[in-house]
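Worksheet: one structure, shown below.
First listed ligand is number 1; within each ligand, the first listed atom is number 1.
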Amino acid sequence: MMFADSGSDYASSKYVIHGILFDGTSSFRTGSRWAPEAIRKASHNYEPYDFDYNSDLSEQLVHDMGDSEYGNLNEMVVDLEKTTSRLVDDEKVPVTLGGEHSVTFPCIKALAREMELVAVIFDAHLDFKEEYLGNEFGHASVARNISHLGVPLIQVGIRSGARDEYTHALGTSVIYTMEQVRREGIKEILRDIESSTRGKAIYLSIDMDAIDPSFAPGVGNPEPYGLTPLELRTAIRRLAPYVSGFDLVEITPDYDMGMSAIVGAKLVRDFLFAHSSVVTKATIKEIVQ
Ligand code: MN
Ligand code: MN
């Protein structure tokens, strides 16, 4: 099954959806390898038409290239970087569906070779572990590995990490904790991000556990007191015009009644509409303010 309204052929497409069937370093709840299928299924719940953008998804040149399945972490990291590089060479915007958060690293590696990039990650967790269960490139180390590439990092929605992760992260990346989001409001923080990333391309990574588990309980490591889906939509709409690569990771469909995939599919659509329908950057500002 393809993502709904992704009828474009590869050659003429602008966006390429790529599912990654890999959850080999997941620690608490596994099963994110089933997320691409669940997200695609959920995507068929929605009308092709979006009123806010007055646009039809079927007209937005979205191609679904299907899934890649990996038996181990190294294989995934090497192969996904190659595949993503090919998409970037062909001037596509990769829309990667995890799988666990470790898939973000090879995607960013591929894009960072081609352009000056800032990574904006929405996540409950810092993901700054030096290694976790023997894995240096596992999902709990993804932010640390990205920072080692020299790619500037902005993390939003943070509310969990070990003491030494905070120590490391605070010296390396820009962190907007969940407390800060509540205090200042998401729009204020987005204004900040927009001005600090000006002139650079953004890689946008959505770890679904950034969202409060009451809205998206089917994730690998649920963490209460999170973002609402609407706050995340606001963020996606606001940042989409600058984005050159997007992923949505960490949904574990077996742990809920389909809600997380329903929200996830909607966020992917929101990204596609916001990115493709931006006639001018002013248009998107009008919509989100
Ligand atoms: Mn994460
Ligand atoms: Mn997380």
Side-chain angles (χ1 to χ4, degrees), residues 20 22-33 35-36 39 73 76-77 80 96-109 119-133 135-149 151 153-162 164-166 168-169 172-181 202-229 231-232 235-236 245-253 255-256 259-261 263-264 267-268:
I20 308 302
F22 180 74
D23 56 11
T25 80
S26 294
S27 39
F28 187 59
R29 296 159 151 191
T30 59
S32 61
R33 92 192 84 135
I39 293 166
L73 182 64
M76 186 278 286
V77 169
L80 182 54
T96 309
L97 306 179
E100 53 170 55
H101 211 168
S102 54
V103 309
T104 301
F105 175 71
C107 293
I108 286 188
K109 219 173 157 194
V120 179
I121 300 179
F122 286 80
D123 200 331
H125 308 93
L126 280 173
D127 289 348
F128 250 87
K129 294 196 189 300
E130 203 168 350
E131 56 95 42
Y132 191 59
L133 306 173
N135 286 314
E136 191 188 338
F137 290 97
H139 72 115
S141 310
V142 66
R144 191 186 181 105
N145 289 320
I146 291 162
S147 76
H148 286 166
L149 289 175
V151 173
L153 203 56
I154 299 172
Q155 296 174 275
V156 190
I158 298 296
R159 53 197 185 274
S160 171
D164 72 301
E165 287 184 84
Y166 274 98
H168 248 91
T172 312
S173 68
V174 178
I175 294 168
Y176 296 96
T177 65
M178 200 55 226
E179 281 303 312
Q180 210 171 335
V181 176
I202 291 176
Y203 184 92
L204 183 57
S205 175
I206 309 292
D207 181 328
M208 275 299 279
D209 66 34
I211 300 176
D212 192 87
S214 59
F215 299 104
V219 294
N221 298 84
E223 193 69 44
Y225 317 133
L227 293 166
T228 67
E231 285 170 324
L232 197 49
I236 288 173
F246 176 89
D247 68 47
L248 186 131
V249 300
E250 293 284 345
I251 292 175
T252 52
Y255 288 89
D256 70 8
M259 298 93 95
S260 307
V263 176
L267 293 172
V268 171

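Using a 4.5 Å heavy-atom cutoff, the side chains of Ile211 and Leu267 are in contact. Side-chain atoms of Arg29 and Pro222, non-hydrogen and from C-beta on, do get closer than 4.5 Å to each other.
Asp23 and Thr30 form no side-chain donor-acceptor contact under 3.5 Å, judged by distance and modelled atom types alone. Using a 3.5 Å distance cut-off with no hydrogens or angles, the side chains of Glu100 and Ser32 do not pair a donor with an acceptor.
Cys107 and Val103 get closest at one heavy-atom pair: SG-O, 3.3 Å.
Of all protein N, O or S atoms, those under 2.8 Å from the Mn ion (ligand 1) number 4.
Aromatic ring orientation, Phe137 versus Phe105: tilted (interplanar angle from 30° to 60°).
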